[in-house]
A.B. asks: 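To start, I am sharing the structure in question, which I have written as structure tokens.
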Protein chains: 2
Amino acid sequence: MRQNKIPQATAKRLPLYYRYLNNLNRQGKKRVSSKELSEAIKVDSATIRRDFSYFGALGKKGYGYNVEYLLGFFRSTLDQHETTEVALIGVGNLGTAFLNYNFTKNNNIQIKMAFDSDEEKIGQIVGGVPVYGIDEMMERIEGISVAILTVPVSEADVITEKLVKAGIEGILNFTPVRITVPEDVRVHHIDLAVELQALVYFLKHYPLQSK
Amino acid sequence: MRQNKIPQATAKRLPLYYRYLNNLNRQGKKRVSSKELSEAIKVDSATIRRDFSYFGALGKKGYGYNVEYLLGFFRSTLDQHETTEVALIGVGNLGTAFLNYNFTKNNNIQIKMAFDSDEEKIGQIVGGVPVYGIDEMMERIEGISVAILTVPVSEADVITEKLVKAGIEGILNFTPVRITVPEDVRVHHIDLAVELQALVYFLKHYPLQSK
DNA sequence: GAAATGTCGTGATTATTTTCACATATAATT
DNA sequence: AATTATATGTGAAAATAATCACGACATTTC
């Protein structure tokens, strides 16, 4: 379970590979080469082969990769056989977008419950997920190890503290706040304003074409 | 304008620095050290010093950095003196979240217009931004160089093609589709399902604490 | 069944990024 | 004024990641 040898950069690409293989499989494709994959997902073909090779020799020379086999392999590598249950905190626009996203289609990830402090929202079912009051969070969240944080900035720190107390292990943080957690809690940040500004910066300072 | 020497990894962190310096300045803080910054934004202090040093000697030994000076410096580096106008395509939950996000507060980025194909939404003002029909996009978008793409998967390719024809230079793509564009158009992907699945993978395979 | 073609897996190389660690300079203290 | 504490900027090293390029082998074609 903890064969910690795969580079982080590779690990980040695995879900991407997995989803595309799923697509191919649905389309009934039987084989695929690193070159084809490369064109579809915009990752250098040598990088793809290298990535796959960390898991052993999954392909066949002169043929490519067997889609079904590869898919099955990634399914178990990405623990897709067991469903990961997730909680979402903050049912605003962004939170609602997540609730309506069907993660279970490609990934065995399921948002099991959501929390909000707005009386209007409590008790509703959004995207098939029940919304509870924040005050119920501590009891209800037990057994869930991953949280998506889509609350306003002002709430971020307080909620994070509660999540940590409730034993959460991973947080996908969409607030601009760099939340503070014990070192055994993993936080991934997605900062929408930063991403947008970075794109603008790259546009002005890193001309493409010539490259 | 094109002193292409700053590492990409550094460039991606600039907006983060900028926002935090803004916060400090608002709080009336006069000085800050790389160590303080490091604790706040969770980036190694040596990395911060190195990042800053690409722009010259911005600090003072034994003192740290002058917040106002540094802020002013980044403001011009990040082109914050001029407003960047952006269009958003797809006013669903995710799109609406963006429209309600006040980018202008910290960043001189303004979503100037939005597009959707839903008759219900056309003509509305969401978060202060007018929503037009997709069919008006080609005319209206002229002069805008950045687009945020928050449409359903099925629309992604068609809309992208239109955006490219309309002369867009950068796309912040939230669809899982790896859109195809000419090489002089810059695309940044943010794939929510991939991010979530990557977090889950890291949790299971990259134990923290010990590290 | 021989020749041509295709594609993997990987050693070696190169590029990029992070981190260490310390000389150097400023600021604070006594 | 001397001493101590602080914090930068950066050379050098280490870590991480991407890419090249080719031998080996499977598949396809003739």
Side-chain angles (χ1 to χ4, degrees), chain A residues 3-14 16-17 21 24 29-71 73-74 183 189 198 201-202 205-206 210-211, chain B residues 3-14 16-17 20-21 24 29-71 73-74 189 198 201-202 205-206 210-211:
Chain A
Q3 22 72 70
N4 201 338
K5 268 175 237 114
I6 292 123
Q8 298 220 356
T10 297
K12 285 187 191 162
R13 282 187 291 265
L14 295 183
L16 200 56
Y17 296 144
L21 287 171
L24 289 181
K29 242 185 158 253
K30 291 294 171 211
R31 59 184 272 192
V32 68
S33 69
S34 61
K35 187 150 163 275
E36 271 178 274
L37 276 172
S38 171
E39 276 152 23
I41 61 180
K42 294 5 187 211
V43 171
D44 187 89
S45 70
T47 300
I48 293 175
R49 291 199 300 282
R50 174 81 61 194
D51 281 349
F52 289 1
S53 79
Y54 290 116
F55 299 100
L58 303 176
K60 241 194 224 172
K61 302 185 176 189
Y63 176 87
Y65 300 91
N66 179 298
V67 172
E68 212 171 318
Y69 175 74
L70 201 56
L71 185 62
F73 187 85
F74 277 117
E183 63 174 13
H189 281 277
Y201 182 81
F202 274 88
H205 297 268
Y206 292 75
S210 55
K211 202 208 150 180
Chain B
Q3 23 73 70
N4 200 339
K5 267 176 236 114
I6 291 124
Q8 297 219 356
T10 297
K12 285 187 191 163
R13 283 186 290 265
L14 296 183
L16 200 57
Y17 296 144
Y20 192 69
L21 287 170
L24 289 181
K29 246 192 154 244
K30 292 295 170 208
R31 59 183 274 193
V32 68
S33 68
S34 60
K35 187 151 161 275
E36 273 178 272
L37 277 171
S38 171
E39 276 152 23
I41 62 179
K42 280 39 179 193
V43 171
D44 186 89
S45 69
T47 301
I48 292 175
R49 292 199 300 282
R50 173 82 58 193
D51 282 348
F52 289 1
S53 79
Y54 290 116
F55 300 100
L58 303 176
K60 238 193 226 175
K61 302 186 177 189
Y63 176 86
Y65 300 90
N66 179 299
V67 172
E68 212 172 318
Y69 175 75
L70 200 55
L71 185 62
F73 187 85
F74 277 116
H189 281 277
Y201 182 80
F202 274 87
H205 298 269
Y206 292 75
S210 55
K211 203 207 152 181

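What you are looking at is a predicted structure, and each value in this text was computed from that prediction instead of being measured. These numbers come from the heavy atoms of this one structure, side chains and all, not from hydrogens, waters or symmetry mates. Per chain, numbering begins at 1; letters A, B, ... match sequence-line order.
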A.B. asks: Applying salt bridge (charged side-chain N to carboxylate O under 4.0 Å, His left out), can you list everything that pairs with A:K12, at least two apart in sequence or on another chain?
C.D. replies: none
A.B. asks: Just the rounded figure in Å: distance from C1' of D:dA18 to CD of A:Q8.
C.D. replies: 16 Å
A.B. asks: With a cut-off of less than 4.0 Å, is there a side-chain N or O of A:R31 near OP1 or OP2 of C:dC8?
C.D. replies: no
A.B. asks: Going through the checks in order, is the side-chain contact (heavy atoms from CB on, under 4.5 Å) test met by B:K60 and B:Y65?
C.D. replies: CA-CA 6 Å; B:K60 238 193 226 175; B:Y65 300 90; over 6 Å; no
A.B. asks: Could you tell me the separation between the NZ atom of A:K5 and the C1' atom of D:dA15, rounded to a whole number of Å?
C.D. replies: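 Atom NZ in A:K5 sits about 18 Å away from atom C1' in D:dA15.
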A.B. asks: To the nearest angstrom, how far is B:F55 atom CZ from D:dG9 atom C1'?
C.D. replies: 15 Å
A.B. asks: Is there a side-chain polar atom (N or O) of A:T47 under 4.0 Å from OP1 or OP2 of D:dT19?
C.D. replies: yes
A.B. asks: Give the rounded distance in Å between these two atoms: CG of A:N66 and P of C:dC8.
C.D. replies: 13 Å
A.B. asks: Can you give one letter per nucleotide of nucleotides 20-26 of chain D, 5' to 3': B if a protein heavy atom sits under 4.0 Å from the base, S if only from the sugar-phosphate, - if neither?
C.D. replies: BB-BBBS
A.B. asks: For a quick check of understanding: with a heavy-atom distance under 4.0 Å over all strands, which category does A:F52 fall into, base, sugar-phosphate or nothing?
C.D. replies: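 Here A:F52 touches no strand at all.
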A.B. asks: From the options B:V43, B:L71, B:T10, B:L37, select the one residue that forms a side-chain contact (heavy atoms from CB on, under 4.5 Å) with B:Y17.
C.D. replies: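 Going through the options one by one, the only one that passes is B:V43.
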A.B. asks: Check the pair B:T47, B:F52 against side-chain contact (heavy atoms from CB on, under 4.5 Å), reporting the backbone distance first and the verdict last.
C.D. replies: CA-CA 9 Å; B:T47 301; B:F52 289 1; over 6 Å; no
A.B. asks: Can a cation-pi geometry be assigned to A:R31 and A:Y63, taking NZ or CZ under 6.0 Å from the six-membered ring centre and within 45° of the ring axis?
C.D. replies: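 Checked: cation-pi criterion met.
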A.B. asks: Between A:Y65 and C:dG9, does any side-chain N or O lie under 4.0 Å from OP1 or OP2?
C.D. replies: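 Looking at the OP1 and OP2 atoms of C:dG9, one of them is under 4.0 Å from a side-chain N or O of A:Y65.
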A.B. asks: When we call it a touch if two heavy atoms are under 4.0 Å apart, what does A:S34 touch: a base, just sugar-phosphate, or nothing?
C.D. replies: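 Since only primed, P, OP1 and OP2 atoms lie under 4.0 Å of A:S34, the category is sugar-phosphate.
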A.B. asks: Rounded to the Å, how far apart are B:K35 NZ and D:dT8 P?
C.D. replies: 10 Å
A.B. asks: May I ask you to test the A:E68-A:F73 pair for a side-chain heavy-atom distance under 4.5 Å?
C.D. replies: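 A:E68 vs A:F73: side chains apart.
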A.B. asks: Which listed nucleotide (D:dG9, C:dC8, C:dT18) is nearest to the side chain of A:S33?
C.D. replies: C:dC8
A.B. asks: Excluding sequence neighbours, so at least two apart, what forms side-chain hydrogen bond (donor to acceptor under 3.5 Å, both in side chains) with B:K35?
C.D. replies: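 side-chain hydrogen bond (donor to acceptor under 3.5 Å, both in side chains) list for B:K35, sorted by chain: empty.
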A.B. asks: Expressed in angstrom and rounded to an integer, what is the separation of B:E36 atom CD from D:dT6 atom P?
C.D. replies: 13 Å
A.B. asks: For B:I6 and C:dT17, what is the distance between atoms CD1 and P respectively, to the nearest whole Å?
C.D. replies: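 Value for this atom pair: 12 Å.
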A.B. asks: C:dT19 C1' sits how many Å from B:I48 CD1, rounded?
C.D. replies: 13 Å
